[in-house]
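Here the structure comes first, spelled out in structure tokens, and everything after it is commentary.
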Amino acid sequence: MNVFKKCLREEFGKNRYRHYVRICEEEMEQKEEKPSRLEDKEIYKDMYEILHRKSEEYIDERVQSLTDVLFTAVQIGKKFGTVLAFYIAANILLLALGLDYYVTCISLALMGVCFIYKLIEFLSNKYCFIDAYLIMIYKSVLEKLAGHSVGE
């Protein structure tokens with residue numbers, strides 16, 4: 001599960017998250033000529049309705065949590081290059097050592113499994129367009145609520 005999906009499901013629950021995804025998919029199928037304002041979207045209004053009842057401290061916590069999520073998403077992308085380089089170097093080194101055939105095969109298989117996990121993590125976070133769109137809406141709602149609570 002990508003970090004955006006995890007954040008949204010934690011905040012709004014599985015059912016509401018699925019509802020938001022369905023709305024996004026419907027919007028994308030309609031291919032509007034002129035995109036509507038973010039504040040006019042059903043998802044924005046629903047998120048705002050849920051979050052505007054929350055306390056200022058809660059909103060501040062969610063803003064900090066969202067900042068952490070965005071940082072984590074960026075770090076996953078940055079670290080993948082290092083993971084890939086390490087994986088290639090470790091494979092070359094392991095093959096060059098000339099260890100017992102079974103030890104080499106088991107080691108390569110274990111490293112392969114770890115690499116596949118990191119690859120799936122990277123790809124699921126890189127190509128999560130709908131979740132990134134939902135996070136953008138969520139961020140806008142939080143910014144508006146944080147702005148109102150500061151001005152009051």
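The structure places SG of C24 at 11.5 Å from CD of E29, a figure rounded to the nearest 0.5 Å. In this structure, I135 CD1 and L66 CG are separated by 5.5 Å, a value rounded to the nearest 0.5 Å. The distance from the CG atom of L142 to the CG atom of D60 is 9.5 Å, given to the nearest 0.5 Å. The distance from the CG atom of L93 to the CD1 atom of I88 is 13.5 Å, given to the nearest 0.5 Å.
Between the side chains of Y17 and D131, a donor-acceptor pair is found at a separation under 3.5 Å.
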Review item, side-chain donor-acceptor pairs of residues 5-12, under 3.5 Å, at least two apart:
residue	atom	partner	partner atom	Å
E11	OE1	Y58	OH	3.0
E11	OE1	R62	NE	2.6
E11	OE1	Y138	OH	3.3
E11	OE2	Y58	OH	2.7

N/O donor to acceptor pairs below 3.5 angstrom from side-chain atoms of residues 69-86, sequence neighbours left out:
residue	atom	partner	partner atom	Å
T72	OG1	D68	O	2.9

Side-chain donor-acceptor contacts of residues 105-130 below 3.5 Å, not counting sequence neighbours, with atom names and distances?
residue	atom	partner	partner atom	Å
S107	OG	V103	O	2.8
K118	NZ	E121	OE1	2.9
S124	OG	I120	O	3.1
S124	OG	E121	O	3.1
N125	OD1	V3	N	3.0
N125	ND2	E121	O	2.8

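Of the possible polar contacts, none joining the H19 side chain to the N15 backbone as a donor-acceptor pair under 3.5 Å is found. Between the T104 side chain and the D100 main chain, a donor and an acceptor come within less than 3.5 Å of each other.
When every heavy atom of S140 is checked against every heavy atom of Y44, the shortest pair comes out as CB-CE1, 3.9 Å. The two residues I50 and Y20 make their nearest non-hydrogen contact at CD1-OH, 3.8 Å. The shortest heavy-atom contact between I59 and L51 is CD1-O, 3.6 Å.
Residues that satisfy the salt bridge (charged side-chain N to carboxylate O under 4.0 Å, His left out) test with D40, not counting sequence neighbours, are R37. Among residues two or more places apart in sequence or in another chain, the salt bridge (charged side-chain N to carboxylate O under 4.0 Å, His left out) test is passed with K54 by none. Judged as a salt bridge (charged side-chain N to carboxylate O under 4.0 Å, His left out), and not counting sequence neighbours, the contacts of E49 are R53.
Salt bridge annotation for K41-E27: present, with a cationic side-chain nitrogen under 4.0 angstrom from a carboxylate oxygen.
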